[in-house]
Amino acid sequence: MATNDPAAFRLDCGATWLNLLATKGRAFGARPVERIPDVPRFARWLDACELAPARPVVPADLERARRLREVLRPIALATVDGEAPADGDVQELAGFLDAVADPVVLAVDGRLVRAAPADGGAALGRIARQAVDQLTGPERAFLKVCPEDDCRGVFADPADRRRWCPSPACASRGRVRALRARRTAGGG
């Protein structure tokens with residue numbers, strides 16, 4: 001799913017909640033890229049993540065999605081750094097979990113499927129639950145942060161083989177910078 005289109009959805013970070021973090025590209029740079037700028041685009045993102053709700057998403061769902069993203073980001077960064085997240089962020093994340101009752105209803109439609117979330121809030125509740133499960137379980141050890149200062153994207157790397165996030169731009173910039181550093185250190 002790697003692409004050089006900065007507005008393209010990033011669905012290759014290793015989990016849906018990590019892909020939500022990637023809906024704001026270059027989050028720490030001078031010109032962040034908002035990949036869910038409006039309700040229709042957010043609805044397309046939910047559909048791409050197989051979380052399209054039964055009821056259409058509304059503007060309040062988009063605002064809650066952005067808020068969840070910005071609550072999860074510092075918690076994820078703290079987790080990767082082995083630090084305790086801020087209490088306020090944890091409480092706000094707990095609010096996303098408590099906001100919606102979303103029972104698990106399974107069906108078989110050529111494969112095992114879960115019933116669609118009732119609305120955007122229920123979809124966000126599922127994303128929050130997935131984040132909490134990974135951040136509090138042994139899979140947290142597989143989380144990494146892209147070293148590019150403007151990116152700092154969090155991604156899962158269970159094979160421990162990646163240095164940069166799945167963005168080809170980050171890897172390219174990092175490799176070019178490393179090459180220049182080697183040339184400078186080598187005198188030419």
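What you are looking at is a predicted structure, and each value in this text was computed from that prediction instead of being measured.
- When every heavy atom of A131 is checked against every heavy atom of L72, the shortest pair comes out as CB-CD2, 3.6 Å.
- The main-chain N or O of D12 is never found under 3.5 Å from a side-chain atom of R10 such that the two would form a donor-acceptor pair.
- The CG atom of D157 sits 11.5 Å away from atom SG of C13, with the distance rounded to the nearest 0.5 Å.
- A donor-acceptor pair under 3.5 Å is formed between the side chain of T184 and the backbone N or O of R180.
- The backbone N or O of L124 sits nowhere less than 3.5 Å from a side-chain atom of R64 that would complete a donor-acceptor pair.
- Checked against salt bridge (charged side-chain N to carboxylate O under 4.0 Å, His left out), R66 has the following partners two or more places apart in sequence or in another chain: E34, E63.
- Minimum heavy-atom separation, P85 to I75: CB-CG1, 3.9 Å.
- With salt bridges taken as basic N to acidic carboxylate O contacts below 4.0 Å, one links R55 and D119.
- V80 and V90 are assigned to two separate hydrophobic clusters, defined by single-linkage of ILVMFWY side chains at heavy-atom distances under 4.5 Å.
- Clustering of Ile, Leu, Val, Met, Phe, Trp and Tyr by side-chain heavy atoms under 4.5 Å joins V58 with none of the others.
- Using a cut-off of 4.0 Å between Lys/Arg side-chain N and Asp/Glu carboxylate O, D5 and R35 are scored as not salt-bridged.
- Apart from L112 itself, the hydrophobic cluster it occupies contains V104, L106, where clustering links Ile, Leu, Val, Met, Phe, Trp and Tyr at side-chain heavy-atom distances under 4.5 Å.
- What you find for L46 and A123 is that their closest heavy atoms are CD2-CB, 4.0 Å.
- Between the side chain of K144 and the main chain of R162, a donor-acceptor pair closer than 3.5 Å is present.
- Residue D87 qualifies as open at atom CG: its count of foreign heavy atoms under 6.0 Å is 12 or below.
- Within the 4.5 Å cutoff, the side chain of R173 has no heavy atoms near those of the W164 side chain.
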(request) Start with the C-alpha distance between W17 and L68, add both sets of side-chain angles, then the distance that settles side chain to side chain contact (heavy atoms under 4.5 Å, CB included), and finish with yes or no. (result) CA-CA 9 Å; W17 76 274; L68 176 60; over 6 Å; no
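- Note: the hydrophobic cluster containing L51 does not contain V113 (ILVMFWY, side chain heavy atoms under 4.5 Å, direct or indirect links).
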(Q) Go through it in stages, so that I can follow the logic: the residues are T23 and R69, the test is side chain to side chain donor-acceptor pair (under 3.5 Å), and I'd like the CA-CA distance, side-chain angles, deciding distance and then a yes or no. (A) CA-CA 8 Å; T23 61; R69 175 183 70 196; 3.0 Å; yes
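- Annotation: the span from R126 atom CZ to L97 atom CG amounts to 13.5 Å, rounded to 0.5 Å.
- Put simply, the side chain of Q130 never gets that close to the backbone of A15: no donor and acceptor are under 3.5 Å apart.
- L20 is connected to L77 through a chain of hydrophobic side-chain contacts under 4.5 Å among Ile, Leu, Val, Met, Phe, Trp and Tyr, so both are in one cluster.
- Salt bridge status for R111 with D109: absent, with no side-chain N to carboxylate O gap under 4.0 Å.
- Atom OG of residue S167 and atom CZ of residue F155 lie 11.0 Å apart, to the nearest 0.5 angstrom.
- Under the 3.5 Å distance criterion, the side-chain polar atoms of R73 are left unmatched by any main-chain donor or acceptor of E70.
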- In sequence, state the C-alpha distance, the side-chain angles, and the governing distance for R26 and E148, and then conclude on salt bridge (Lys or Arg N to Asp or Glu O under 4.0 Å). CA-CA 9 Å; R26 297 186 178 167; E148 293 300 306; over 6 Å; no
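- Across all their heavy atoms, F9 and I36 have their closest contact at CE2-CG2, 4.2 Å.
- The two residues W45 and L11 come nearest to each other via the heavy atoms NE1-CD2, 3.8 Å.
- With respect to the salt-bridge test (charged N to carboxylate O, under 4.0 angstrom), the residues R114 and E50 do not qualify.
- A distance of 10.5 Å separates CG in D149 from SG in C170, rounded to the nearest 0.5 Å.
- V132 and L21 fall within the same hydrophobic cluster, defined by Ile, Leu, Val, Met, Phe, Trp and Tyr side-chain heavy atoms under 4.5 Å apart, directly or through other members.
- Considering all non-hydrogen atoms of both residues, D89 and P74 come closest at OD2-CG, 3.4 Å.
- Taking CZ from R129 and CG from L93, the interatomic distance works out to 9.5 Å, rounded to the nearest 0.5 Å.
- Residues T79 and T136 form no side-chain contact, since every pair of their non-hydrogen atoms from C-beta on lies 4.5 Å or further apart.
- Residues L18 and F142 fall into different hydrophobic clusters, defined by Ile, Leu, Val, Met, Phe, Trp and Tyr side chains chained together at heavy-atom separations under 4.5 Å.
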